[in-house]
Amino acid sequence: KISTHSSNILIEDFSIAKRNQFLTLNGKASKAPTDTIDIQLKNIDLSYISSFIPKASVVFSGEATGDAFVSNVFSKPIFNADIQVPKFSFNNAHWGDVTASAKWNNEKNAIDLEGVVKGTEQTIAKIEGNYFFSNDSLDLIGQANDLDVDFINYYLKDITLAAKGRASGDVHVFGKKKEITVTAKAKVDDAEMTVDYLKTTYSFADSIILKPDSILFRDITVYDPHHNKGKINGFVAHRYFKNFEYNININCDNVQAMN
């Protein structure tokens, strides 16, 4: 039920439901700064968010549950939220359980975001930053610790490369909704890269660099399935993770090229 009187809005048990997903609002919005609207979320499917992102430059999955409140709606809004997402996945890669908080920042006209991702034994990622309403953009800084790199395969699938391993390092996700950009420098351990049309898998442990328009491989030592050694240099170029081009050189002696 939603009712209005003068400059007041009263919300009583207003709910939106779909199967096991619920969004419920209760409270009062007025000029009084103490009046609040409480929001409860239960099992909200995050894949729905991806449907608003053009050509799905990122894909989220998991179900969000938590509480939020909004107050001082008609002047300088105050917004706070605490959300939990068990079994969170990013770009079809399972990461773990997410605990996140958000609050409105009047000075920036943005939402401040903080979150952690916990794997089975440890915190594997931390992230903080902002979502800006004025230009519909993100600016997030993250730190990864032994994070599954399977998420990068979402961008490599069109160029017949596949990677796996665990990465630690710094990540920056930023840009407008139509132009999401990722930069990173990460140390990758127990990593493998498969070239699909060669049917050959190379293993390595080294750093991979993501620039706004490319993924760089700099003098990376790789091993074939027989432990023969080679060096890889090159890049995978892209425009907002579309229109891929690549140039990868392998300097080797007696390394398996095709399986």
Side-chain angles (χ1 to χ4, degrees), residues 46-47 49-50 53 56-66 81-103 110-131 137-157 161-175 180-194 201-223 232 235-236 238 241:
L46 294 183
S47 62
I49 297 174
S50 301
I53 301 174
S57 55
V58 293
V59 175
F60 306 105
S61 62
E63 296 182 345
T65 296
D82 293 293
I83 304 295
Q84 297 79 44
V85 186
K87 300 179 181 178
F88 172 75
S89 291
F90 176 65
N91 286 356
N92 304 319
H94 174 69
W95 279 4
D97 299 334
V98 170
T99 301
S101 63
K103 65 179 181 178
I111 294 178
D112 294 336
L113 301 167
E114 290 186 5
V116 298
V117 184
K118 291 189 176 181
T120 54
E121 297 180 356
Q122 62 181 345
T123 297
I124 59 173
K126 296 181 180 179
I127 195 163
E128 63 180 22
N130 301 98
Y131 172 74
S137 66
L138 282 171
D139 187 8
L140 303 174
I141 299 292
Q143 295 83 42
N145 178 33
D146 200 35
L147 186 70
D148 188 347
V149 301
D150 188 40
F151 75 95
I152 203 171
N153 290 321
Y154 183 78
Y155 307 117
L156 300 178
K157 59 180 183 283
L161 287 175
K164 68 178 183 178
R166 315 292 298 186
S168 299
D170 297 322
V171 181
H172 187 194
V173 181
F174 61 97
I180 296 295
T181 299
V182 180
T183 63
K185 183 175 183 180
K187 175 68 167 62
V188 184
D189 295 309
D190 300 322
E192 293 182 353
M193 180 171 64
T194 301
T201 298
Y202 302 99
S203 59
F204 65 96
D206 213 313
S207 293
I208 293 179
I209 300 169
L210 274 70
K211 296 289 188 180
D213 59 356
S214 59
I215 303 169
L216 305 181
F217 305 93
R218 292 178 175 171
D219 207 29
I220 294 177
T221 300
V222 298
Y223 298 88
I232 285 184
F235 62 86
V236 177
H238 61 85
F241 296 103

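Computed from heavy atoms alone, side chains included, the values below leave out hydrogens, waters and symmetry copies.
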Minimum heavy-atom distance [X]-[Y], with the two atoms named:
X      : Y      : value
Ala93  : Phe151 : CB-N, 3.4 Å
Trp95  : Asp148 : NE1-O, 3.4 Å
Arg166 : Val149 : C-CG1, 4.3 Å
Asp82  : Ser101 : OD1-CB, 3.5 Å
Asp97  : Lys87  : OD1-N, 2.9 Å

Show the numbers, then the answer: is there a side chain to side chain contact (heavy atoms under 4.5 Å, CB included) between Phe217 and Ile208?
CA-CA 6 Å; Phe217 305 93; Ile208 293 179; 4.2 Å; yes
Just how far is it from atom [atom1] of [X] to atom [atom2] of [Y], taken to the nearest 0.5 Å?
X      : Y      : atom1 : atom2 : value
Leu216 : Lys211 : CG    : NZ    : 6.5 Å
Thr123 : Asp146 : OG1   : CG    : 12.0 Å
Ile83  : Thr65  : CD1   : OG1   : 8.0 Å
Tyr131 : Asp112 : OH    : CG    : 14.0 Å
Leu210 : Asp170 : CG    : CG    : 12.5 Å
Ser137 : Ile180 : OG    : CD1   : 8.0 Å

Salt bridge (Lys or Arg N to Asp or Glu O under 4.0 Å) contacts in which one or both residues fall within residues 181-193, not counting sequence neighbours
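Those involving residues 181-193 are Lys164-Glu192, Lys187-Asp189.
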In terms of relative ring orientation, are Phe90 and Phe60 parallel, tilted or perpendicular, with 30° and 60° separating the classes?
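Phe90 vs Phe60 ring planes: tilted.
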Could you tell me whether a side-chain N or O of Asp213 sits under 3.5 Å from a main-chain N or O of His238, the two making a donor and an acceptor?
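Judged by distance alone, no pair lies under 3.5 Å.
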Begin with the C-alpha distance, continue with both residues' side-chain angles, and end with the deciding distance and a verdict on side chain to side chain contact (heavy atoms under 4.5 Å, CB included) for Glu63 and Val85.
CA-CA 6 Å; Glu63 296 182 345; Val85 186; 5.8 Å; no
Before you tell me yes or no, could you show the steps for Asn92 and Asp150 under side chain to side chain contact (heavy atoms under 4.5 Å, CB included), namely the whole-Å CA-CA distance, both residues' side-chain angles and the distance that decides it to 0.1 Å?
CA-CA 8 Å; Asn92 304 319; Asp150 188 40; 5.7 Å; no
